[in-house]
Peer 1: 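A single structure is presented below for examination.
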Amino acid sequence: MPSSIQILGTGQLVGLSRRLRTAGGPRLRQNLARRVRRAAEPLQRDLRTAIRTQPLVSEGRKSGKRGGPSPTHRPFRQMLAGGVRISVRQGAAPGARVWMDKSRLEPGAGNVPWQIQDGRLRHPVFGNRRRWATQWARPSGWWSKTLQAGTPRMRAEVERVLSDVRRDLT
């Protein structure tokens with residue numbers, strides 16, 4: 001399973017980056033970076049929506065067990081959605097990357113997005129490491145399915161941006 005999607009290093013991007021450095025100046029480079037970022041934003045938005053709406057099913061509470069509100073201050077799905085980031089690079093390997101930033105997740109939640117991707121989330125009950133719960137993500141594959149659906153649109157948009165900038169350079 002890919003941990004991020006990258007559109008970079010294509011011959012068009014490398015050649016265009018070189019020509020931008022020599023002819024375009026900083027304004028054209030900033031314009032290209034902004035437009036490439038905008039091309040990646042719908043995929044980021046789709047990934048955030050996918051994790052926010054991913055159903056997690058558990059066995060439910062057993063009879064006689066207690067429950068209550070979550071003791072954490074930050075909603076779980078919102079925290080996961082906040083970890084989806086975009087980075088745009090220029091230079092030797094220009095391109096865009098949509099990735100999951102583990103530093104934006106709560107401590108101890110670094111692998112949670114990939115557990116949900118695989119379809120099974122196992123976690124301690126309210127931090128009690130002697131009691132574990134299993135939740136099932138049905139359907140599984142929130143990351144890979146969303147990437148598969150959104151990558152062609154992102155590629156087409158980046159190609160359109162490249163052709164526009166190439167036309168401006170000539």
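Excluded from the calculations below are hydrogen atoms, water molecules and symmetry mates; all remaining heavy atoms, backbone and side chain alike, are included. Just so we're clear, the structure is a prediction, and the values are computed from it rather than from any experiment.
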Peer 1: Please give me the minimum heavy-atom distance between Gly83 and Arg104, naming the atom from each residue.
Peer 2: CA-CB, 4.0 Å
Peer 1: Tell me the closest heavy-atom pair linking Met79 and Glu106, and the distance in Å.
Peer 2: SD-N, 3.3 Å
Peer 1: Give every residue pair that meets the side chain to side chain donor-acceptor pair (under 3.5 Å) criterion with at least one member in residues 46-55, sequence neighbours excluded.
Peer 2: Asp46-Arg153, Arg52-Gln78
Peer 1: Under the side-chain contact (heavy atoms from CB on, under 4.5 Å) rule, collect the residues that match up with Arg138, sequence neighbours excluded.
Peer 2: Trp136
Peer 1: Can you list everything that forms a side chain to side chain donor-acceptor pair (under 3.5 Å) with Thr134? Sequence neighbours excluded, please.
Peer 2: Arg122
Peer 1: Under a 4.5 Å cut-off applied to non-hydrogen side-chain atoms, are Leu105 and Val112 in contact?
Peer 2: no
Peer 1: Please identify each residue that fulfils side-chain contact (heavy atoms from CB on, under 4.5 Å) with Asn111, with sequence neighbours left out.
Peer 2: Lys102, Trp114, Gln115
Peer 1: What pair of heavy atoms forms the shortest contact from Trp142 to Gln117, and how long is it?
Peer 2: N-OE1, 3.3 Å
Peer 1: Side-chain atoms of residues 34-45: list all donor-acceptor pairs with protein atoms under 3.5 Å, sequence neighbours left out, distances to 0.1 Å.
Peer 2:
residue: Arg34; atom: NH2; partner: Asn31; partner atom: OD1; Å: 2.7
residue: Arg35; atom: NH2; partner: Asp164; partner atom: OD2; Å: 2.7
residue: Gln44; atom: NE2; partner: Val84; partner atom: O; Å: 2.9

Peer 1: Are the side chain of Ser140 and the backbone of Ala137 linked by a donor-acceptor contact shorter than 3.5 Å?
Peer 2: no
Peer 1: Please identify each residue that fulfils side-chain contact (heavy atoms from CB on, under 4.5 Å) with Ala149, with sequence neighbours left out.
Peer 2: none
Peer 1: With side-chain contact (heavy atoms from CB on, under 4.5 Å) as the criterion, how do Leu56 and Arg77 come out once you've worked through the C-alpha distance, each side chain's angles and the decisive distance to 0.1 Å?
Peer 2: CA-CA 11 Å; Leu56 291 174; Arg77 292 167 195 261; 3.9 Å; yes
Peer 1: Mind checking what makes side-chain contact (heavy atoms from CB on, under 4.5 Å) contact with Ser87, not counting sequence neighbours?
Peer 2: Arg97, Trp99
Peer 1: Let me confirm one number: the CE-CG distance from Met100 to Leu47, rounded to the nearest 0.5 Å.
Peer 2: 7.5 Å
Peer 1: Return the set of residues passing side chain to side chain donor-acceptor pair (under 3.5 Å) with Arg85 (not counting sequence neighbours), or none when no residue passes.
Peer 2: Asp101
Peer 1: Mind listing the closest non-hydrogen atom pair of Thr151 and Leu147 along with its distance?
Peer 2: OG1-O, 2.5 Å
Peer 1: Search all heavy atoms of Thr146 against all heavy atoms of Ala50 and return the closest pair with its distance.
Peer 2: OG1-CB, 3.5 Å
Peer 1: Can you tell me how far CZ of Phe76 sits from CG of Leu121, rounded to the nearest 0.5 angstrom?
Peer 2: 5.5 Å
